[in-house]
Amino acid sequence: MRRTLLGVVVGAEILWIATQAALEGGSRWIPLVTVVVVHLGLVLWEQRDPLLDPRLVLGASAAVIAVAVLVPPFGSQDLYLYATYGRMVTWHQLNPYLSAPELVSGDVLTGRVADAWRTTPTAYGPFFTAWSALGAVFYGDSPLRARLFFQGSAGVALLAGTWYLHRRGRPSATLVAVGLSPVLVVTAHGGHNDLLAGVLALVGVDFVRRRRTAGGALMVGLACAVKVLLLPVAGVVVLVSVGARRWGEAARSAAVLGGVLGGSYLVVGGPAALAPLRDLNQTLSRGSLWGALTLFPRGDQLLRDDGWAHPLAMVLVVLALGLLAWRAPRPIDVVVLATAMGVVVCFALDYTLPWYAAGFLPLAALAPSVPARALAIGSTALLFVYVQPPGELMADLVMAPTVAPVGGIVLGLLVVATLASVLWSGPRRSPDGPTVPAVPAEPARPARLG
């Protein structure tokens with residue numbers, strides 16, 4: 001019966017990926033609801049009574065990922081922007097941090113980039129830009145090879161992250177939750193770089209948790225050099241060591257992180273390469289928690305006409321991150337704090353997309369917690385908000401006017417719950433009384449059951 005349900009999850013996800021572009025209107029919610037329900041049911045069943053062989057789960061994940069890579073992406077075409085930046089380096093000898101894609105408007109891949117991004121130098125990290133440039137040697141001017149390169153990179157990252165969790169002794173329920181996660185599968189389908197950053201962060205935080213400080217800081221630094229949304233994780237790595245008064249580890253972490261990030265940005269242009277980060281489009285996205293204010297009188301005018309969404313979001317994010325940083329010196333698992341940081345930066349900003357959470361979901365699987373559950377719930381809620389992809393109107397969808405504001409309410413509640421759980425949780429204690437250390441012992445490897 002359990003294997004049958006696993007087969008149903010695999011079949012539902014493959015059908016969802018293969019048919020979502022052909023569906024229209026409210027029918028797009030049907031396969032998504034099905035996928036979310038059967039996936040959640042299997043995860044909960046495995047948590048209560050683990051029976052699935054981890055190798056079988058890995059195989060099921062590989063099957064779904066293969067389809068996600070082969071089928072053209074639905075909605076977001078970000079991977080062609082990645083490919084254009086890579087070609088600017090390899091084929092046009094241009095620095096994408098100082099030049100915009102419009103300078104190579106005649107390039108075959110630039111024509112597939114959304115108009116809004118053709119005038120924007122890259123805001124992605126130097127490590128990912130280097131990866132894109134290396135890939136450009138392979139994909140050249142072929143849109144098909146470019147698509148397969150970036151979808152394949154994301155798919156391999158998801159499978160590698162699931163395998164890593166298996167090697168670290170995580171139970172089958174965790175492997176199902178990550179390897180067959182609708183959020184992570186759709187991230188791989190879109191070829192988004194969030195998965196690459198998320199798996200690097202997973203390995204890095206796990207290394208730090210096991211006191212392999214330099215290696216952990218290196219991996220976290222590389223994750224941030226893929227996408228700067230992961231910067232709070234770098235802060236956590238240093239803060240937790242400081243809070244535990246492990247000054248040598250804190251100094252090593254800071255030195256490695258500073259070397260990776262500072263050195264990589266110096267190579268690509270120094271302070272000028274940071275300008276695209278300052279100039280990111282300050283637009284209120286459909287899935288923003290601030291969209292909930294449109295349910296109130298003058299809420300839409302306050303956010304859109306008066307332009308208050310971005311400053312309100314920045315104030316909230318800074319305050320929330322400050323509160324979590326204040327909590328860090330007290331005993332707390334580095335994984336829980338890093339996950340909580342992820343909830344804040346993914347859900348409290350004025351612009352958010354479902355795949356942003358992929359940068360934090362893999363590492364969240366290392367330790368069950370309120371922030372981990374909040375991250376999973378919020379990212380799934382964003383899938384429902386974006387069942388009609390970014391850039392397309394929702395007017396033809398059933399309940400469309402209320403989906404985004406309700407999604408915003410859900411995200412807001414999750415941010416509050418996450419902050420409360422971290423700020424008011426005391427140190428865990430063993431039955432004999434002493435505080436459990438922030439770096440836990442190695443988990444026992446579960447027996448493999450057929």
Side-chain angles (χ1 to χ4, degrees), residues 6 9 13 36 39-40 42-48 50 52 54-58 60-62 64-65 154-188 194-210 216 219-220 223 230 232-233 236-237 332-343 345-346 354-380 383 414 418 421-422 439-446:
L6 177 63
V9 172
E13 294 200 339
V36 169
H39 177 258
L40 178 61
L42 182 57
V43 171
L44 294 177
W45 200 357
E46 277 296 293
Q47 285 178 343
R48 186 173 62 252
L52 289 174
R55 294 170 297 182
L56 185 62
V57 177
L58 288 169
S61 178
V64 172
I65 290 169
V156 169
L158 175 54
L159 191 59
T162 308
W163 175 85
Y164 183 85
L165 289 167
H166 166 55
R167 296 297 300 170
R168 295 295 301 127
R170 299 306 300 157
S172 56
T174 299
L175 305 187
V176 172
V178 173
L180 293 169
S181 162
V183 174
L184 298 183
V185 167
V186 84
T187 302
D194 305 78
L195 262 174
L196 178 58
V199 173
L200 288 169
L202 160 67
V203 178
V205 171
D206 186 46
F207 278 18
V208 171
R209 202 184 196 199
R210 292 186 284 146
M219 300 302 287
V220 171
L230 276 291
V233 179
V236 167
V237 167
I332 188 170
D333 190 341
V334 62
V335 174
V336 174
L337 188 56
T339 305
M341 294 281 196
V343 172
V345 298
C346 287
W355 43 86
Y356 285 6
F360 301 90
L361 280 169
L363 71 87
L366 288 169
S369 63
V370 171
R373 289 189 286 273
L375 195 64
I377 293 170
S379 56
T380 303
L383 279 184
L414 292 173
T418 294
S421 71
V422 174
V439 182
E442 293 282 328
R445 293 184 62 81

Sequence neighbours excluded and cut-off under 3.5 Å, please list the side-chain donor-acceptor pairs for residues 194-204, or say none.
residue, atom, partner, partner atom, Å
Asp194, OD1, Lys227, NZ, 3.4
Asp194, OD2, Lys227, NZ, 2.8

Search all heavy atoms of [X] against all heavy atoms of [Y] and return the closest pair with its distance.
X      : Y      : value
Cys346 : Tyr356 : SG-O, 3.6 Å
Ser61  : Leu159 : OG-CD1, 4.1 Å
Glu13  : Ser181 : OE2-C, 4.3 Å
Thr162 : Leu175 : O-CD2, 3.5 Å
Ser379 : Val183 : OG-CG2, 3.5 Å

Side-chain donor-acceptor pairs of residues 364-376 under 3.5 Å, sequence neighbours excluded:
residue, atom, partner, partner atom, Å
Ser369, OG, Ala372, N, 3.2

Worksheet item: Just wondering, are more than 12 heavy atoms of other shown residues or ligands nearer than 6.0 Å to CH2 in Trp163?
Response: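 Counting neighbours around CH2 of Trp163, 12 or fewer heavy atoms of other residues, nucleotides or ligands fall under 6.0 Å, so no.
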Item to complete: Mind running side chain to side chain contact (heavy atoms under 4.5 Å, CB included) on Val233 and Met341 for me, showing each step along the way?
Response: CA-CA 7 Å; Val233 179; Met341 294 281 196; 5.7 Å; no
Worksheet entry | side chain to side chain contact (heavy atoms under 4.5 Å, CB included) between Val335 and Asp206, intermediate numbers included | CA-CA 8 Å; Val335 174; Asp206 186 46; over 6 Å; no
Worksheet entry | Sequence-distant partners of Leu40, side chain to side chain contact (heavy atoms under 4.5 Å, CB included), two or more places apart |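 Here the qualifying residues are Leu44.
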Worksheet entry | Spatial distance of atom NE2 (His166) from atom OG1 (Thr174) [nearest 0.5 Å] |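 One gets 12.5 Å once the value is rounded to the nearest 0.5 Å.
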Hey, are the side chains of [X] and [Y] touching, using non-hydrogen atoms and a 4.5 Å cut-off?
X      : Y      : result
Leu361 : Thr187 : no
Val220 : Leu230 : no
Leu6   : Leu180 : yes

